[in-house]
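So that the names make sense, note that chain A is the first sequence line, chain B the second, and so on, each numbered from 1.
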Protein chains: 2
Amino acid sequence: MASLTRIIEKHIEELLEGTSEESVFLSRKDLAQHFGCVPSQINYVIRSRFTPERGYIVESQRGGHGYIRVIRLCLDMPEERANHIEELVGDTVNEQDIRRILANLQYRGIITARERLLIEVAARFQEEIGRDLLDLSPYKRDSLHAELLKRLLRSLALG
Amino acid sequence: MASLTRIIEKHIEELLEGTSEESVFLSRKDLAQHFGCVPSQINYVIRSRFTPERGYIVESQRGGHGYIRVIRLCLDMPEERANHIEELVGDTVNEQDIRRILANLQYRGIITARERLLIEVAARFQEEIGRDLLDLSPYKRDSLHAELLKRLLRSLALG
DNA sequence: AAAGTTAAGGTCAATATTCGTCAATAATGC
DNA sequence: GCATTATTGACGAATATTGACCTTAACTTT
C-alpha cells in the first residue's frame, strides 16, 4: 500500500490544505530529491492525480526559477457544477467510467456513499435490461448510460 | 458444500467485520495465492457477491500497488425488512405509486430528499426510454418500474 | 546586446506489476 | 436432464517507475 505516487499525491494535498492560498508552488527537482525518485515521477503524479476532472488546474514554467503550480478549483456555483458534470460524463460512458466518476465525486464530497450506491444500482439495472431484455448494442447502451448519469447528477447539482 | 467461492466470500466478510474501517483493501494476486486458485476467481466472487444491490461498492486499481477495495455501506438487512419492500412495491407500480412510496419514505426519514430525487429521476428516465424508444406496453413498463424500485430500495437496506 | 551557460521543467518509450474480461468447461442443484 | 453457478486460463488493459533526451527561461560573459 506504500506507493510512491500515492505518497507524493498525499504530500501535495497536504500542502494545499495547509495553506490559505488557492494554490501551491512546487519545485520538481526538490520534490524528487526529497522522495528519492526521478523528476519525471513528479510529472506522473501531477498528470494522473491533479487533473481538471478532479478539480485541479496546473501551471508550470521551465528554466531558472522554474516551478509547478497546482491550483485547487472550487466549483461553488450550481451552474459551474452542472457544466462540469457535462464535461465529466460526455456522450458515452461504460460501467467502468461510471464507477470512476462516482468514486471521484464521492471523494470530492459532491455525493454521499448512499447516493453513489443508488446511481450504481440504477446504471446496472439499465445495463441489464438493455443487454438481456432489449438486446441493444454496446454503443447504444453506453450512450443511454451517459444520458442517465447526466440526468441523475444534474438533478443533484441543481438541487 | 464448501465451495471455494463461498469460502472466499466468507473470508472477505470476516475481514470487513474485523476492521473498524468501512472498507478493506484486497490484493487479488495474494488472495488467489492464499486460496490456491486463479486470480480471476476473485473477480467472480466480487462480481457475484459484493454487488451494489447487496450494499457494497467496489473500487479497484490495476498496475503497480494495485488493489481491490470492498466498501460496505450497510449492515445486513433483516429478512423482514426485505419482505416489507416486496410488499410495499409489489409487482407493478406506476409513476404515481412511486411518488407516493417515496414521499412516505422521506417523511419517515428513511431516505433523504436527494435520494428521493435520484430515485424519481431514474424511474422517469426508464419510463421515457421504455415508452418512446422501445415502445414497451404500459404493463411491461410498470413491472420494470417495480423491479428498479425494489432494487434501489433494497440496496439502501431500508424497510 | 548577443551568445553562451546553467538551471529548471517536459516528453516519451521501455519495463514491470497488477487487475479485468471473456469464453470454455466443470460441477451443482432442481 | 437442464439450468444455473463455479472454476480455469489465455489474453488484454491500466498503472507505476525509470531514464534518456528535449525545451525553455534566467543568468553571465563578452
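Atom-to-atom, CD1 of B/Ile42 to P of C/dC22 comes out at 19 Å; the value is rounded to the nearest Å. Atom CD1 of B/Ile46 is separated from atom P of C/dG20 by 8 Å (rounded to the nearest Å). Nucleotide C/dG20 holds its P atom 5 Å from the CG atom of B/Asn43, rounded to whole Å. Remark: P of D/dA16 and OH of B/Tyr67 are 9 Å apart, rounded to the nearest angstrom. Between the C1' atom of D/dA14 and the CZ atom of A/Arg99 lies a distance of 13 Å, rounded to the nearest Å. When rounded to the nearest whole Å, the span between CG of B/Leu31 and P of C/dG20 equals 12 Å. Rounded to whole angstrom, the span from the CD atom of B/Glu9 across to the P atom of D/dT5 amounts to 13 Å. Between the CZ atom of A/Arg6 and the P atom of D/dT15 there is a distance of 11 Å, rounded to whole Å.
Take the nearest nucleotide of DNA chain D for A/Gly36 and for B/Gly36: the residue whose nucleotide is more 5' is B/Gly36.
Between A/Tyr44 and D/dT17 there is no side-chain polar atom (N or O) within less than 4.0 angstrom of OP1 or OP2. Contact check, A/Ser40 against C/dG9: no side-chain N or O comes under 4.0 Å of OP1 or OP2. Checking the phosphate oxygens (OP1, OP2) of C/dC19, no side-chain nitrogen or oxygen of B/Arg47 falls inside 4.0 Å. Between A/Thr5 and D/dT17 there is a side-chain N or O to OP1 or OP2 distance below 4.0 Å. Between C/dA16 and B/Arg62, no contact under 4.0 Å exists linking OP1 or OP2 to a side-chain N or O. Side-chain N/O atoms of B/Gln61 include one lying less than 4.0 angstrom from OP1 or OP2 on D/dA16. Remark: B/His65 is not in phosphate contact with C/dA16, judged by side-chain N or O atoms under 4.0 Å from OP1 or OP2. Listed pair A/Arg100 / D/dT15 meets the phosphate criterion, a side-chain N or O lying under 4.0 Å from OP1 or OP2.
For A/Gln41, counting side-chain heavy atoms from C-beta on, the closest listed nucleotide (D/dT17, C/dT21, C/dG10) is D/dT17. Across D/dT8, C/dG9, C/dT18, the shortest atom-to-atom separation from the side chain of B/Cys37 is found for D/dT8.
At the heavy-atom level, A/Gly63 lies under 4.0 Å from base atoms of the strands shown. Residue contacts shown for A/Arg49 are limited to sugar-phosphate atoms, with no base heavy atom under 4.0 Å away. At a threshold of 4.0 angstrom between heavy atoms, the contacts of A/Leu4 are confined to the sugar-phosphate backbone, with no base atom among them.
Ion pairing between a basic and an acidic side chain is recognised when a charged N comes within 4.0 Å of a carboxylate O; B/Glu120 and B/Arg116 show such pairing. Taking a cutoff of 4.0 Å between a charged side-chain nitrogen and a carboxylate oxygen, A/Glu17 and A/Lys10 do not qualify as a salt bridge. Look at B/Arg72 and B/Glu21 and you find no salt bridge, because none of the NZ, NE, NH1 or NH2 atoms lies under 4.0 Å from a carboxylate O. B/Arg154 and B/Glu53 are not joined by a salt bridge, as no carboxylate oxygen comes within less than 4.0 angstrom of a charged side-chain nitrogen. Ion pairing between A/Glu128 and A/Arg124 fails under the 4.0 Å rule for side-chain N and carboxylate O. Taking the charged nitrogens against the carboxylate oxygens, A/Glu95 and A/Arg99 have no contact shorter than 4.0 Å, which rules out a salt bridge.
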